[in-house]
Trainee: 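Input: one structure, supplied below.
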Amino acid sequence: MPEVMFAGPEGRLEGRYHHAKERGAPLALVLHPHPLHGGTMNNRITYSMYQVFQRLGFSVMRFNFRGVGRSQSKFDGGMGEINDAAAALDWMQSLNPGHGGLWISGYSFGAFVGMQLLMRRPEVSGWVSVAPPAAHYDFGFLAPCPCGGLMIHGDADELVPENSVRKLVDKLNLQKGVAIDYRVFEGADHVFANHAEKIATAVEGYVSQSLARKQMALAAD
């Protein structure tokens with residue numbers, strides 16, 4: 001997983017990037033938790049999701065938001081971090097013309113950033129949100145949500161009550177053509193202690209099935 005440095009809106013950003021062997025492979029961007037609460041691209045859940053996409057044949061990147069690790073500038077409250085993520089997508093897409101789809105996967109604060117990016121980038125074909133901070137940020141911008149995805153939460157989350165995420169899922173599932181696969185992990189708190197492997201299994205299964213459905217649809221055309 002080569003280290004990369006690429007241009008962000010406020011200076012260089014540090015990342016790790018795996019380039020798929022297969023030409024035309026899909027792309028995935030994995031976003032880490034809150035920078036002011038110890039979140040980095042090496043977070044255990046973030047790294048687990050990165051490995052899942054690598055195993056599935058994606059070209060995949062995780063990176064440090066501004067002010068984290070060797071990424072320049074300082075925390076911007078969300079908007080600057082959305083722009084950082086957009087710059088990461090631009091960088092990956094420039095290396096992968098003709099890619100086979102684009103996925104965004106985020107954990108906690110990274111899930112919020114990922115869903116914001118989803119609304120700004122119509123080329124996104126799938127997404128994963130782990131412990132989205134629905135009790136701390138307004139997710140009303142997801143109207144309409146452009147596509148369905150996978151949402152994972154813990155029923156023992158001490159920072160984001162599970163019912164706040166369930167309300168968000170219920171609202172999204174009312175939208176026409178949107179189906180959210182919502183998984184609640186029993187006994188899991190916000191940091192998902194002892195649940196990284198279970199998250200990886202859920203993400204791998206969901207993404208694999210989504211890719212298989214896409215291949216079947218293309219074959220039927």
Side-chain angles (χ1 to χ4, degrees), residues 1-18 27-50 53 58-96 99 102-147 149 151-152 159-160 164-165 168 172 190-191:
M1 62 186 79
E3 177 182 340
V4 294
M5 300 292 291
F6 60 96
E10 295 290 334
R12 290 175 302 163
L13 297 172
E14 173 191 20
R16 298 291 184 275
Y17 172 71
H18 165 78
L27 309 181
L29 179 66
V30 183
L31 303 170
H32 70 71
H34 204 293
L36 299 187
H37 301 290
T40 79
M41 66 176 172
N42 295 322
N43 167 270
R44 187 169 44 92
I45 303 301
T46 304
Y47 181 63
S48 293
M49 293 193 291
Y50 177 93
F53 285 106
F58 282 68
S59 289
V60 56
M61 171 188 271
R62 68 188 201 276
F63 76 98
N64 280 329
F65 289 122
R66 58 183 64 193
V68 178
R70 295 200 293 147
S71 291
Q72 295 178 327
S73 193
K74 61 182 180 178
F75 181 65
D76 190 47
M79 186 54 65
E81 288 71 26
I82 295 167
N83 293 334
D84 291 346
L89 281 188
D90 290 342
W91 186 88
M92 276 203 301
Q93 288 178 303
S94 70
L95 282 185
N96 296 275
H99 61 78
L102 175 60
W103 282 69
I104 297 176
S105 184
Y107 169 38
S108 192
F109 174 79
F112 169 73
V113 173
M115 299 303 278
Q116 286 276 1
L117 199 57
L118 170 69
M119 300 301 293
R120 292 163 166 76
R121 303 296 282 253
E123 68 270 32
V124 174
S125 50
W127 54 267
V128 175
S129 285
V130 177
H136 304 281
Y137 293 92
D138 182 2
F139 281 76
F141 59 85
L142 292 169
C145 186
C147 62
M151 207 167 273
I152 297 173
L159 296 179
V160 183
S164 68
V165 179
L168 171 61
L172 293 177
H190 194 72
V191 300

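One is the number of the first residue; the rest follow in order along the sequence.
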Trainee: Report yes or no: does Thr40 contribute a side-chain atom to a donor-acceptor pair with the main-chain N or O of Asn42 at less than 3.5 Å?
Mentor: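 Yes: the side chain of Thr40 pairs with the backbone of Asn42.
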Trainee: So do Val60 and Leu27 actually touch side chain to side chain, heavy atoms under 4.5 Å?
Mentor: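 No - every pair of side-chain heavy atoms lies 4.5 Å or more apart.
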Trainee: Which heavy atom of Gly114 sits nearest a heavy atom of Ile104, and at what distance?
Mentor: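 Taking Gly114 first and Ile104 second, the nearest heavy atoms are CA-CG2, 3.6 Å.
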Trainee: Do Ser129 and Met115 have side chains that get closer than 4.5 Å, going by heavy atoms?
Mentor: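 With C-beta onward as the side chain, the pair touches.
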Trainee: Report yes or no: do Arg121 and Gln93 form a side-chain donor-acceptor pair below 3.5 Å?
Mentor: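 There is such a pair between these side chains.
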Trainee: If you define the side chain from C-beta out and look only at heavy atoms, does anything of Val4 sit under 4.5 Å from Phe63?
Mentor: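 Contact flag for Val4/Phe63 side chains = no.
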Trainee: State whether the side chain of Arg62 and the backbone N or O of Met41 hold a donor-acceptor pair below 3.5 Å, judged by distance alone.
Mentor: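 Between the backbone of Met41 and the side chain of Arg62 there is a qualifying donor-acceptor contact (under 3.5 Å).
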Trainee: Evaluate side-chain contact (heavy atoms from CB on, under 4.5 Å) for Val68 paired with Glu14, printing each intermediate quantity in order.
Mentor: CA-CA 9 Å; Val68 178; Glu14 173 191 20; over 6 Å; no
Trainee: What are the two closest non-hydrogen atoms of Ala85 and Leu31, and how far apart are they?
Mentor: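 Closest approach of Ala85 to Leu31, heavy atoms only: CB-CD2, 4.0 Å.
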Trainee: If you apply the rule ring-ring contact (aromatic ring centres under 6.0 Å, His included), what do you find for Tyr137 with Phe139, and how did you get there?
Mentor: CA-CA 6 Å; Tyr137 293 92; Phe139 281 76; 7.1 Å; no
Trainee: Pair Phe6, Arg12 - check side-chain contact (heavy atoms from CB on, under 4.5 Å), show working.
Mentor: CA-CA 6 Å; Phe6 60 96; Arg12 290 175 302 163; over 6 Å; no
Trainee: Without swapping roles, check the side chain of Asn43 against the backbone of Gly39 for a donor-acceptor pair under 3.5 Å.
Mentor: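 Flag not set: sc Asn43 to bb Gly39 has no pair under 3.5 Å.
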Trainee: So, Phe109 versus Phe65, ring centres under 6.0 angstrom or not?
Mentor: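 Judged by ring-centre distance (under 6.0 Å), Phe109 and Phe65 do meet the cut-off.
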Trainee: Would you name the heavy atoms of Ala28 and Met92 that are closest together and state the gap between them?
Mentor: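 Residues Ala28 and Met92, closest heavy atoms: O-CE, 3.4 Å.
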Trainee: To the nearest 0.5 Å, what is the distance between SG on Cys145 and CG on Leu172?
Mentor: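 Interatomic distance, Cys145 SG to Leu172 CG, rounded to 0.5 Å: 5.5 Å.
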Trainee: Report the distance from atom CG of Asn83 to atom CG of Asp76, rounding to the nearest 0.5 Å.
Mentor: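 Here the interatomic distance stands at 8.0 Å.
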Trainee: Considering residues at least two apart in sequence or located in another chain, which fulfil the salt bridge (charged side-chain N to carboxylate O under 4.0 Å, His left out) criterion with Glu10?
Mentor: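 In terms of salt bridge (charged side-chain N to carboxylate O under 4.0 Å, His left out), with neighbours along the sequence ignored, Glu10 is linked to no residue.
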Trainee: How far does CE of Met61 sit from CG of Leu89, to the nearest 0.5 angstrom?
Mentor: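 Here the rounded value is 9.0 Å.
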Trainee: So which heavy atom on Tyr50 is nearest to which on Arg16, and how close?
Mentor: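 Here Tyr50 and Arg16 meet closest at CE1-O, 3.6 Å.
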Trainee: Closer than 3.5 angstrom, by distance alone: can the side chain of Asp138 be matched with the main-chain N or O of Gly140 as a donor-acceptor pair?
Mentor: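 Yes: the side chain of Asp138 pairs with the backbone of Gly140.
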Trainee: Is Leu29 close to Ser105 at the side-chain level, that is, under 4.5 Å between some pair of heavy atoms?
Mentor: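 No, their side chains stay 4.5 Å or more apart.
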Trainee: What's the separation between atom NE2 in His190 and atom OH in Tyr107, rounded to the nearest 0.5 Å?
Mentor: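 Rounded to the nearest 0.5 Å, the NE2-OH separation comes to 5.0 Å.
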Trainee: Do side-chain atoms of His18 reach the backbone of Phe53 as a donor and acceptor pair under 3.5 angstrom?
Mentor: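 No, the answer is negative, given that no donor and acceptor are paired below the 3.5 Å cut-off.
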Trainee: Would you sort out whether Met119 and Leu142 count as a side-chain contact (heavy atoms from CB on, under 4.5 Å), showing the intermediate values?
Mentor: CA-CA 7 Å; Met119 300 301 293; Leu142 292 169; 3.7 Å; yes
Trainee: Rounded to the nearest 0.5 Å, what's the gap from OG on Ser71 to CG on Asp84? Could you check?
Mentor: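 That separation rounds to 7.5 Å.
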Trainee: Where is the tightest heavy-atom contact between Ala7 and Ala87, given as atom of each residue plus distance?
Mentor: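 That would be O-CB, 3.8 Å.
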Trainee: Could you tell me which non-hydrogen atom of Arg66 sits nearest to which non-hydrogen atom of Ser73, and how far apart they are?
Mentor: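 Scanning both residues, the minimum pair turns out to be CB-CB, 4.0 Å.
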Trainee: Roughly how far, to the nearest 0.5 Å, is CH2 of Trp103 from CZ of Phe58?
Mentor: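 The distance works out to 6.5 Å.
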Trainee: Evaluate the side-chain proximity of Leu117 to Val124: yes if any heavy-atom separation is below 4.5 Å, no if none is.
Mentor: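 No. Closest side-chain heavy atoms not under 4.5 Å.
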Trainee: Could you tell me if the side chain of Leu118 sits less than 4.5 Å from the side chain of Cys147, heavy atoms only?
Mentor: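 Touching, per the 4.5 Å side-chain cut-off.
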Trainee: With distance as the sole test, does Glu81 use its side chain to make a donor-acceptor pair with the main-chain N or O of Gly78 at under 3.5 Å?
Mentor: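 The answer is yes, because a donor-acceptor pair under 3.5 Å joins these two groups.
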Trainee: Within a strict 4.5 Å, meaning less than it, do heavy atoms of the His32 and Asn64 side chains meet?
Mentor: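 His32 vs Asn64: side chains touch.
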Trainee: Indicate yes or no: at least one non-hydrogen side-chain atom of His34 is less than 4.5 angstrom from one of Phe75.
Mentor: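 Yes - at least one pair of side-chain heavy atoms lies under 4.5 Å apart.
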